[in-house]
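First up is the structure itself, then whatever we jot down about it.
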There are 2 protein chains.
Amino acid sequence: MAATDKRTRTRATHSMEAVVTEAVALLDAAGESALTFRALAARLGGGVGSIYWYVSNKDELLDRASDHVLADVLAATEDLHGPDPLDDARTIAVTLFDTIVQRSWLAAYFMRDGEQQPNALRLYDRLGRQVMRLGLSARDTFNAVSAIVGFVIGTAADLSQQHSASAPDAGASGQDLEGAVAQWRALDGEAFPYLHFILDEFAAHDDGVQFRAGLDLLLAGIRLQAADSHKP
Amino acid sequence: MAATDKRTRTRATHSMEAVVTEAVALLDAAGESALTFRALAARLGGGVGSIYWYVSNKDELLDRASDHVLADVLAATEDLHGPDPLDDARTIAVTLFDTIVQRSWLAAYFMRDGEQQPNALRLYDRLGRQVMRLGLSARDTFNAVSAIVGFVIGTAADLSQQHSASAPDAGASGQDLEGAVAQWRALDGEAFPYLHFILDEFAAHDDGVQFRAGLDLLLAGIRLQAADSHKP
DNA sequence: TTCGTTTATCGAACAACGTTCGAGAGAATA
DNA sequence: TATTCTCTCGAACGTTGTTCGATAAACGAA
């Protein structure tokens with residue numbers, strides 16, 4: 001070959017690990033909108049097309065990124081053998097919730113594809129194993145676990161999204177809340193009696209505390225069902 | 001109002017009503033990805049830029065579309081004065097759930113902006129009013145209502161998204177479920193005891209039934225709290 | 001070594017999207 | 001008629017996900 005430039009251009013070399021890790025880093029640093037193929041390629045020091053060798057889709061990239069983060073949750077909930085099954089289930093739920101709230105993109109991609117999200121499956125099973133200890137029927141167990149997962153994901157998604165509605169990444173939750181409070185206060189107290197009733201609570205509430213309160217309500221319902229099924 | 005007088009009119013004439021209505025029609029017909037400004041403009045028989053006179057953003061368009069749909073939920077849950085507050089709350093929750101499941105785009109935009117979503121506020125208040133009848137404290141009432149809303153939105157979002165993951169619009173839920181079942185069956189029964197335990201239930205489950213079961217668990221927990229607070 | 005095949009990288013190019021902008025039509029007002 | 005205000009329009013811009021052919025590098029066989 002009559003090479004015009006003898007200088008051998010060194011090509012970058014990637015790996016699935018690097019791709020997913022840098023994707024997560026990009027997401028954590030500046031939110032979901034910051035994860036573009038071009039930005040990711042630049043961060044990897046390579047070209048755009050290279051990423052498509054590891055991942056066939058942006059959806060798949062996000063699936064893998066989500067599962068990558070769940071590894072931390074999995075590690076944090078190892079060795080749970082407390083006396084109360086639902087206490088352990090609660091620990092898993094709270095850990096998962098705290099992880100999702102900080103990353104608004106996670107909720108939408110949790111357990112979307114079992115094949116590419118083994119950690120999600122492991123976590124799901126780990127939660128289920130705790131509920132199994134209650135001795136409920138397969139159906140009741142399945143329903144209870146699904147309810148817990150739905151509640152965790154749903155509440156976390158709602159919050160993380162509501163907070164990122166105004167601020168793309170940094171959490172300026174204070175301003176959001178103040179604005180909503182002012183708006184509610186301006187509403188007619190007779191047309192919106194409930195809003196008026198809880199306004200002070202709303203103004204001072206903490207998302208994490210509120211989530212735990214709701215979770216405890218759900219767990220109390222499950223506990224009640226378990227007690228009933230043992231002596232009907 | 002909507003009378004289209006085509007007499008030598010070179011320009012089309014729109015209205016907020018038409019814009020939002022056609023946006024919803026587009027969303028219902030072919031899913032979230034089908035709602036583009038160009039497609040909407042074509043449907044309205046006008047230009048792309050015109051839409052921006054009524055709506056400053058695509059987010060605002062979706063906010064308004066979401067609220068437009070909630071009007072139906074609001075109409076379907078009028079005049080609820082049953083003897084049991086939580087029965088009425090359940091009716092609202094189930095109605096909302098059924099509405100969201102059929103429209104995957106709704107969950108993400110429910111109650112994002114109170115200013116542009118008056119119906120969401122009304123519905124939220126209506127649900128809260130039922131829970132208020134339990135006589136709980138403001139804090140407990142607020143927590144209970146938030147838990148219900150989080151559970152409804154979360155579960156609905158999870159389901160509607162899981163179904164639209166493979167099929168963009170039409171509900172081919174059967175194929176999805178079969179695939180997941182086959183995948184789970186292939187997993188190790190010892191590494192995933194819970195998945196193995198509920199596999200048959202999972203294969204035969206109905207999303208709507210399962211949601212109602214989970215909702216009843218949560219409501220049972222709330223009921224328990226209401227009973228406790230009245231006699232200690 | 002040399003050849004051939006597989007693996008992996010690269011960036012230009014494409015289509016679609018949200019959004020902006022200036023030009024102007026139409027009706028109301030003065 | 002002249003002026004102003006409301007509303008429409010579509011070309012154009014920048015950004016996005018994705019495709020594609022060219023090609024470098026690694027590897028095994030001859």
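Here is how names work: the chains are called A, B, and so on, in the same order as the sequence lines, proteins then strands, and each is numbered from 1.
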query: Is any side-chain heavy atom of V131(B) less than 4.5 Å from a side-chain heavy atom of I148(B)?
result: yes
- prompt: Is the shortest side-chain N/O distance from S50(B) to OP1 or OP2 of dC7(D) below 4.0 Å?
  reply: no
query: Nearest 0.5 Å, what's the CG-CZ distance between N143(B) and F211(A)?
result: 12.0 Å
query: When you measure from the side chain of F37(A), which nucleotide among dG17(D), dC10(C), dT7(C) comes out closest?
result: dG17(D)
query: How long is the line joining CH2 of W53(A) and P of dA25(D), in whole Å?
result: 17 Å
field: Integer-rounded Å distance: dC17(C) C1' and I51(B) CD1
entry: 13 Å
- prompt: Counting N and O atoms only, with roles assigned by atom type, does the side chain of D67(A) sit under 3.5 Å from a partner on the main chain of A120(A), one being a donor and the other an acceptor?
  reply: yes
- prompt: Between atom CD in E60(A) and atom P in dT18(D), what is the gap in whole Å?
  reply: 11 Å
message: Tell me whether the side-chain N/O atoms of Y54(B) come closer than 4.0 Å to OP1 or OP2 in dT8(D).
response: yes
- prompt: dT9(C) P sits how many Å from R11(A) CZ, rounded?
  reply: 9 Å
- prompt: Strictly by modelled atom types, are D59(B) and Y109(B) linked by a side-chain donor-acceptor pair under 3.5 Å?
  reply: yes
query: Atom OH of Y52(A) and atom P of dG17(D): how far apart are they, to the nearest Å?
result: 7 Å
query: NA contact type, L35(B), heavy-atom cut-off 4.0 Å: base, sugar-phosphate, or nothing?
result: sugar-phosphate
query: Between dG18(C) atom C1' and K58(B) atom NZ, what is the distance in whole Å?
result: 8 Å
query: Contact class for G49(A) vs. all strands (heavy atom < 4.0 Å): base, sugar-phosphate, or nothing?
result: base
- prompt: To the nearest angstrom, how far is L40(B) atom CG from dT19(C) atom C1'?
  reply: 15 Å
Nucleotide of dG17(D), dT19(C), dC10(C) approaching V48(B) most closely (side-chain heavy atoms): dT19(C)
query: Which nucleotide in the list dC9(D), dC10(C), dG11(C) gets nearest to the side chain of H14(B)?
result: dC9(D)
query: Which nucleotide in the list dT9(C), dC17(C), dT16(D) gets nearest to the side chain of R38(B)?
result: dC17(C)
- prompt: Is the shortest side-chain N/O distance from N57(B) to OP1 or OP2 of dG18(C) below 4.0 Å?
  reply: no
field: Atom of A23(B), atom of L40(B) and distance for their closest heavy-atom approach
entry: N-CD1, 3.7 Å
